[in-house]
Every structure is written in C-alpha cells, then in structure tokens.
There are 2 protein chains.
Amino acid sequence: MISSIAELIADRIGSMPAGERRAAQTLIASYPMIGLKTVAEFSAAAGVSSPTILRFVARLGFQNYPEFQSSLQDELAAQLQSPAIRTLNPPSPGGGTASPMLEATLDNMRETFRHLSDRQLADIATRLAERRGKTFLIGGRFTDPLARYMAAHLAIIQPDVIHLAGQESMWRDRLIDMGKRDVLVIFDIRRYQDSLVRFAEKAHQRGVQIVLFTDQWLSPIARFARHVIAGRTAVPSAWDSSAALFVVAETLIGAVTRQLEPDGARRIREMEELR
Amino acid sequence: MISSIAELIADRIGSMPAGERRAAQTLIASYPMIGLKTVAEFSAAAGVSSPTILRFVARLGFQNYPEFQSSLQDELAAQLQSPAIRTLNPPSPGGGTASPMLEATLDNMRETFRHLSDRQLADIATRLAERRGKTFLIGGRFTDPLARYMAAHLAIIQPDVIHLAGQESMWRDRLIDMGKRDVLVIFDIRRYQDSLVRFAEKAHQRGVQIVLFTDQWLSPIARFARHVIAGRTAVPSAWDSSAALFVVAETLIGAVTRQLEPDGARRIREMEELR
DNA sequence: CAAAATACGTAACATACGATACAGCGCTCC
DNA sequence: GGAGCGCTGTATCGTATGTTACGTATTTTG
C-alpha cells in the first residue's frame with residue numbers, strides 16, 4: 001500500500017525518463033520542500049525545464065500542479081499533527097502503563113500550549129481580572145461542565161461571575177444585562193451548537209467581549225471572539241477530549257487569581273468566615 | 001529573541017485590529033498550513049477579506065505575501081531537518097518560560113496513571129458498563145463539573161445515568177431509589193465536604209457500590225468506596241488542579257464506551273435521529 | 001456628541017504562474 | 001546507416017493570484 005508521495009515516487013521512478021527522474025531525485029533530496037515552491041523554482045533546482053516538472057507530476061497521477069501541492073501539504077499537516085512521539089518514543093519512562101489515551105492527551109496539551117503564548121493568556125487573564133463589568137460563562141453539551149468549573153473558581157475571587165445555565169431561552173434573556181464592559185467566556189467544540197453561535201452573535205452585537213475556548217478547527221464563534229483558545233481534542237476514543245481545554249482553563253484561573261492578589265485572598269478569607 | 005513567525009505573531013497580536021487578529025488566530029490554530037495556501041483560501045478560512053490578510057503579513061514585517069510564505073517554508077524545512085529538536089523544543093527545558101503550571105499538570109497525570117493499574121480501570125469500566133442497575137454521579141464544590149462531564153457522556157451510551165444536582169436535600173431524597181445493584185461515582189478532593197461524606201456513608205449502608213475520585217490524601221469517603229482513584233492535584237497555583245482526575249474520567253468514559261460497543265453505537269445513532 | 005482617525009471590504013488591476021503547442025534533438029530498432 | 005519514435009526545451013497563452021486604490025463603516029478622541 002502506498003500512503004505517501006515519497007513512496008509513490010520510489011515506486012515509479014524506475015519507469016521515468018531522464019529529465020523526470022532528475023525532478024524526482026531533486027524532490028526526494030529535500031523532501032518535500034521543493035514541491036511546495038513554484039514550478040519555475042522546482043525546475044531550476046532540478047536543472048530541467050518547467051514542462052518536465054509538469055509532466056513529472058502528471059505521471060504521478062495528479063491532474064495539475066496545485067493538486068500535487070495540496071497533496072504534499074496534507075501529508076505535511078498530518079505529520080505535524082502527531083508530534084514526534086509516534087516516530088520514535090519508547091512509551092515513556094516509568095514502565096509506561098501504555099494507555100494510548102494518556103499519551104495522546106499529554107500530546108494534546110503540549111501541542112495546545114505550544115500554540116498558545118504566555119502573552120495571550122496574560123491578556124485574557126487581565127481582561128477577566130480587571131472586572132470593569134460582569135463575567136458570563138457558558139458551554140456546549142459536553143463543555144458546559146468546563147464553564148461551570150471555571151465559574152466556580154472565578155466566582156470566589158470576584159463578584160459578578162455568572163454561569164449561564166438551563167435552557168436557551170433562559171440565557172437569551174440575560175442578554176439584556178450584557179454590554180460592552182462585560183466578558184463572555186464560551187466553550188464550543190465540535191460539533192458546534194447553533195444555539196451557542198446565535199447567542200455569541202447577539203452578545204457580540206451588544207459589544208460584549210468574547211473569549212472562546214474551542215478546538216483546533218475553530219468554532220464559527222471565532223468570528224465574533226476577541227480571544228480564541230484553540231485546544232487539541234483528538235484522542236483514540238469515540239469521543240473528543242476536552243482535557244487540554246480544561247488545563248488551559250485551570251491555567252487561566254490561576255493567572256486571574258494571581259492578578260487579583262491580595263484582594264482575592266482577602267475575599268476568600270471573608271468567604272470562609274461566612275460559612 | 002524572536003525566532004519563529006509564531007512567536008512574532010504572539011508578540012504583536014495584542015496590537016492588531018480585530019480582523020488581523022482573526023487572521024493571526026486562524027494561522028496559529030493550524031500552524032503553519034494555512035499560511036502555505038493562497039491568500040484567497042487563507043482569507044476564507046479566517047472569515048476576512050484578502051486585503052486584511054495582506055495587511056496582516058505586512059504588519060509582521062514582510063514585503064509581500066510570497067516572502068511571508070517563503071519564511072514559513074524555511075521554518076518548516078528547519079523543523080523537518082531535525083526531528084529531535086521538535087520533540088521537546090518549545091522553550092528550553094529548565095529555563096522554561098513555558099507555564100510551570102503545565103509542567104506540573106503533566107507530571108501529575110503521569111504520576112496518577114503510574115499508580116493506577118489498567119486492571120483497576122478495566123474493572124471500574126466493566127462495573128459501569130454492565131448496568132445491572134443505575135449510575136449516579138455527584139461531585140463537590142469544584143469537582144461537580146467533572147461529575148457532570150462524565151454524566152453527559154455516559155448518559156448517551158446507556159440509560160439510567162443520573163447526575164445528582166442541586167441542594168443536599170435534593171440528592172438525599174434520591175437515596176430511596178438507590179440499592180445494591182447501583183453505582184455511585186463521587187468526586188471529592190480537599191477540602192472534603194461533610195455533606196458528601198454523609199451522603200456516601202448513607203449510600204454505602206444501602207449497599208451501593210461507590211467509585212471515588214479523590215486526591216492523593218484520600219477523602220474520608222475512601223472508607224466506603226469499592227474503587228478509589230487517587231489523582232495528583234498539586235500545582236503552583238492558589239488552587240488545586242483537577243486535571244489529572246479529569247483525564248482519568250475521560251479514559252474511563254472511553255473504556256466504558258468501548259465495552260458497550262456495538263450497542264452504544266446503535267444508541268448514539270438512534271439519539272442523533274431524535275434530534 | 002461631533003469630528004477625526006482608523007480599519008475593513010469591494011472592485012479593478014497587473015503580474016507571475018501553470019498550462020499547452022510545437023519544433024529540435026537524440027535514441028533505438030530495423 | 002536511415003527512418004521512426006520519444007523525450008525535452010522554447011515560446012506563447014490564459015488565468016488565477018497577489019496587489020492596490022478607494023469608499024464605507026466603525027471606533028476613538030476631544
């Protein structure tokens with residue numbers, strides 16, 4: 001079975017004329033970068049003419065050059081998605097329990113944070129901590145618990161933290177209280193919920209700043225969001241994993257808490273006394 | 001020092017107008033693949049117009065779009081050359097600008113699973129999957145969202161999954177429905193809640209099998225529990241972390257789902273049709 | 001609240017890119 | 001050694017792509 005273009009080339013290079021073979025070897029030599037450049041550059045690097053390059057990709061079975069490039073890109077994307085772990089990694093020191101689920105989850109988290117700058121987290125934390133207005137949180141079918149989790153913590157260190165629960169009509173009515181000084185934290189991963197998108201749009205129209213937790217494919221809500229956190233969700237399971245988003249949420253909770261010191265600490269003490 | 005375009009973006013995303021920020025977020029979310037495609041595709045993916053994309057790359061300091069793409073390609077090429085660096089590259093180890101929070105969380109998960117045998121997880125999964133009786137879930141102040149999360153999934157693949165919400169009196173009344181064929185999943189970490197302990201004790205007296213998610217110091221409920229999952233919770237933050245427990249929960253959800261195949265799959269399909 | 005500044009999208013433009021037709025050259029096989 | 005075939009490069013064409021100018025909407029500032 002042939003799964004990559006490199007294998008495809010290796011398979012057919014024997015039956016290629018000289019010029020195309022040079023093209024093939026050039027591509028293999030610095031696979032796959034040359035193939036992502038223009039026909040002109042490719043041909044120059046291989047020392048052949050552009051039509052030869054085009055005949056080369058045609059022989060590989062592609063209709064045209066862009067199609068060939070897309071194929072290369074997809075291959076690359078697939079490689080980048082699954083970090084080196086699979087290529088060469090003994091299941092982890094410590095007699096790895098071998099739970100592929102755990103390994104995938106850890107990868108997801110590393111990957112998620114790799115695409116997430118400290119700066120961005122700090123910006124969001126500041127926005128949540130300055131509390132010029134209220135903070136609303138809501139989530140989808142499976143992610144609403146994350147919204148609750150975050151709300152449970154934030155509500156302790158500052159006032160005006162509201163988790164939007166219950167039916168759609170319930171939260172829609174809360175829109176009336178939401179304005180441009182407020183922040184709305186939304187969790188929405190595939191399959192994205194129309195009701196949430198609608199709600200986000202309305203909130204956005206009212207000037208509410210939206211912080212979106214979503215997956216790497218970005219919920220449509222990203223269009224209205226001021227801040228977008230894209231977490232990796234793929235795991236070897238029937239379900240998507242929200243673990244990476246959960247960790248980001250915890251990190252954010254920690255950052256907000258730190259920013260609210262020492263006020264937050266005082267507030268916590270007061271709260272303890274009230275029990 | 002800024003060495004990658006991703007860092008460059010992270011550095012400047014704060015001072016970007018809304019449209020360009022969307023472009024930035026879209027690029028980061030599937031870094032760097034979108035940037036290798038055409039301006040039209042990029043703009044469509046980001047939901048903005050092509051000029052916005054061009055202004056975005058201009059703001060990053062590139063003269064034109066092709067120059068930007070070349071830069072991305074060079075970066076990719078460098079990454080592909082040395083796969084070793086890619087495994088644990090991001091910031092240097094030890095010097096870690098990277099959130100110590102993340103590192104601690106990852107350690108917690110590894111530690112948690114190291115003390116958790118596959119056998120134990122499989123046993124619990126079996127118990128939850130055989131559904132001779134009902135499954136009840138409940139959590140504490142901060143962990144109840146985990147109970148909800150688990151309930152949301154389990155309820156889809158099998159009937160009689162009940163999340164106990166609301167006030168203490170509410171769930172105490174549900175005790176009447178609970179018997180020795182039923183399972184109670186409890187989440188309880190420091191500071192352990194008396195109300196939960198009391199509830200667990202009563203349930204235990206009625207013969208309910210208890211599955212406890214707790215921290216490494218073990219909630220008093222462990223005395224009544226049939227299965228105890230002890231997760232690490234310590235992180236450099238004002239709060240404890242429930243992330244490790246969250247991952248165990250997800251793993252368990254996955255295991256139960258697998259055991260219920262293909263019945264679960266059929267049930268999911270039926271459910272989809274009902275919407 | 002008014003006015004200025006900034007940001008965004010629409011539409012027209014020019015360029016550069018991929019595609020194609022055709023002619024020259026070398027190679028193979030009678 | 002000559003005729004035929006196949007491979008390759010040059011030159012040209014159409015088009016998709018990146019670019020720019022301008023008008024409108026939105027936000028910011030006094």
Side-chain angles (χ1 to χ4, degrees), chain A residues 12-27 32-73 127 132-133 179-182 201-210 222-227, chain B residues 9 12-27 32-73:
Chain A
R12 304 197 184 175
I13 196 171
S15 59
M16 285 183 190
E20 299 181 28
R21 194 174 308 162
R22 288 184 66 179
Q25 282 162 345
T26 308
L27 176 56
M33 298 316 296
I34 282 286
L36 298 178
K37 298 190 187 292
T38 67
V39 173
E41 287 177 276
F42 193 167
S43 66
V48 297
S49 69
S50 9
T52 299
I53 300 297
L54 295 176
R55 281 188 283 265
F56 164 65
V57 304
R59 189 181 300 267
L60 291 179
F62 297 98
Q63 293 298 323
N64 47 32
Y65 195 71
E67 183 182 310
F68 162 72
Q69 286 190 318
S70 295
S71 222
L72 277 181
Q73 287 187 7
R127 171 69 60 195
R132 299 183 311 171
K180 59 183 60 167
R181 308 173 76 85
D182 302 325
E201 182 167 18
K202 297 225 182 69
H204 173 66
Q205 283 164 3
R206 295 186 64 88
V208 178
Q209 298 220 357
I210 295 181
R223 296 176 47 85
F224 317 116
R226 179 70 173 246
H227 297 281
Chain B
I9 292 172
R12 305 198 182 172
I13 196 171
S15 60
M16 287 184 188
E20 300 180 27
R21 193 174 312 156
R22 287 227 294 271
Q25 283 160 346
T26 310
L27 175 57
M33 298 317 295
I34 280 286
L36 299 178
K37 300 193 185 291
T38 68
V39 173
E41 286 178 277
F42 192 166
S43 66
V48 298
S49 68
S50 5
T52 299
I53 299 296
L54 296 174
R55 281 187 285 262
F56 164 65
V57 305
R59 189 183 299 267
L60 292 180
F62 298 98
Q63 292 299 324
N64 48 31
Y65 194 71
E67 183 181 314
F68 161 73
Q69 286 190 317
S70 295
S71 222
L72 276 182
Q73 287 185 6

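Since we're looking at a predicted model, the values are computed, not measured. Residue numbering restarts at 1 for every chain, and letters A, B, ... go by the order of the sequence lines.
Within residues 56-64 of chain A, the residues that place at least one heavy atom under 4.0 Å from DNA chain C are, in residue-number order, A:Asn64. Within residues 32-53 of chain A, the residues that place at least one heavy atom under 4.0 Å from DNA chain C are, in residue-number order, A:Thr38, A:Val39, A:Ala40, A:Pro51.
Computed from coordinates, the B:Arg55 CZ to C:dC8 P distance equals 7 Å when rounded to whole Å. In this entry the distance linking CZ of A:Phe224 with P of C:dC8 reads 16 Å, nearest Å. Separating the CZ atom of B:Arg21 from the P atom of C:dC8 is a distance of 9 Å, rounded to the nearest angstrom. Residue A:Arg223 contributes atom CZ, which lies 13 Å from atom C1' of C:dC8 at whole-angstrom precision.
Boundaries of the chain A contact region on DNA chain D are D:dC7 to D:dT10, first to last in 5' to 3' order (nucleotide atom under 4.0 Å from a heavy atom).
Between B:Ile53 and B:Ala23 the shortest heavy-atom distance is CD1-CB, 3.8 Å.
Between A:Leu36 and A:Gln73, the closest side-chain pair of non-hydrogen atoms falls below 4.5 Å. At least one side-chain heavy atom of B:Arg21 sits under 4.5 Å from a side-chain heavy atom of A:Arg226. Side chains of A:Lys180 and A:Val208 form no contact here, defined as non-hydrogen atoms less than 4.5 Å apart. Side-chain contact check for B:Phe56 versus B:Val48: every heavy-atom pair is 4.5 Å or farther apart. Taking the side chain as every heavy atom from C-beta outward, A:Gln205 and A:Glu201 approach each other to under 4.5 Å.
For the atom pair CD1 (B:Ile13) and NE2 (A:His227), the distance works out to 8.5 Å, reported to the nearest 0.5 Å. Between the CZ atom in A:Arg127 and the CD atom in A:Gln209 there is a gap of 4.0 Å [rounded to 0.5 Å]. Separation of atoms CD (A:Glu20) and OG (A:Ser15) is listed at 9.0 Å; rounding is to 0.5 Å.
For the pair A:Leu54 and B:Met16, both in contact range of DNA chain C, the more 5′-proximal nearest nucleotide belongs to B:Met16.
The aromatic rings of B:Phe68 and B:Phe62 sit perpendicular to each other, their planes meeting at more than 60°, with 30° as the lower class boundary.
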